[in-house]
Amino acid sequence: MDERLILQWVPDELWNLAGPLIPPPPRRPQGGGTPPIDARAVFAAIVYVLTTGCAWRHLPPGFGVSKATAHRRFVAWTRAGLWRRLHVAALDQLGAKGLIDWSRATADAASVRAKRGAT
């Protein structure tokens, strides 16, 4: 695992915000097994994939996380609502520092009726 690579993609400020929101790995009722991969390394690998747009199968080995583990945790964390909670936490932190001008925020929606027979 390349610590510099992980810090490049998940600096301390981001990790301090995201780390407490990450759900703990599930416990195996029978015990044993391999210990879970470091959550920060997995988070960094996921951020890398989402930011660069690379395929999971092209995840660089420097993260020390397998493609399967990164994808499995991404799915589990998505189901647990991590990304939504992280978004809210980031907005809260920026808002508390006065770095968001809410007067410039907009909401947009569109509704178009489907033509008959359209799917």
Side-chain angles (χ1 to χ4, degrees):
M1 171 175 22
D2 183 353
E3 192 66 31
R4 291 174 301 160
L5 182 64
I6 292 170
L7 288 173
Q8 174 186 347
W9 289 97
V10 182
D12 289 337
E13 187 176 42
L14 175 57
W15 182 244
N16 291 338
L17 190 62
L21 302 175
I22 293 177
R27 297 268 182 222
R28 294 174 53 124
Q30 71 274 22
T34 58
I37 302 292
D38 177 57
R40 186 171 184 166
V42 176
F43 187 77
I46 292 169
V47 167
Y48 175 83
V49 169
L50 297 178
T51 303
T52 64
C54 88
W56 293 103
R57 67 181 176 273
H58 297 303
L59 182 66
F63 289 102
V65 177
S66 74
K67 303 171 253 308
T69 297
H71 185 260
R72 185 173 44 253
R73 294 259 190 106
F74 171 73
V75 170
W77 292 349
T78 299
R79 288 182 180 146
L82 171 66
W83 311 112
R84 178 183 36 80
R85 289 183 293 126
L86 180 57
H87 184 230
V88 170
L91 290 176
D92 286 347
Q93 187 178 65
L94 292 171
K97 293 179 180 180
L99 298 174
I100 297 178
D101 180 6
W102 290 109
S103 69
R104 308 220 14 136
T106 62
D108 186 19
S111 178
V112 178
R113 188 171 89 82
K115 298 289 183 193
R116 195 168 187 188
T119 56

**Message:** Do the side chains of Asp12 and Arg40 get close enough for a salt bridge, i.e. N-O under 4.0 angstrom?
**Reply:** yes
Once rounded to the nearest 0.5 Å, what's the spacing between atom [atom1] of [X] and atom [atom2] of [Y]?
X	Y	atom1	atom2	value
Leu7	Leu14	CG	CG	11.0 Å
Leu86	Ile22	CG	CD1	8.5 Å
Thr34	Arg28	OG1	CZ	7.5 Å
Arg85	Trp83	CZ	CH2	10.5 Å
Asp101	Leu94	CG	CG	12.5 Å
Trp9	Asp2	CH2	CG	13.0 Å

**Item:** Side chains of Arg73 and Ile37 in contact at under 4.5 Å (non-hydrogen atoms)
**Value:** yes
Of all heavy-atom pairs between [X] and [Y], which one has the smallest distance, and what is that distance?
X	Y	answer
Leu21	Ala89	CD1-CB, 4.0 Å
Ala90	Leu17	CA-CD2, 3.7 Å
Phe43	Val10	CD2-CG2, 3.6 Å
Ile100	Gly95	CD1-N, 3.9 Å

**Prompt:** Would you say Trp15 and Val88 are hydrophobically clustered, going by side-chain heavy atoms of ILVMFWY under 4.5 Å?
**Reply:** no
Run the side-chain donor-acceptor check on residues 47-64: report pairs under 3.5 Å with partners two or more places apart or on a different chain.
| from | atom 1 | to | atom 2 | distance (Å) |
| --- | --- | --- | --- | --- |
| Thr51 | OG1 | Val47 | O | 2.7 |
| Thr52 | OG1 | Tyr48 | O | 2.7 |
| Thr52 | OG1 | Cys54 | N | 3.2 |

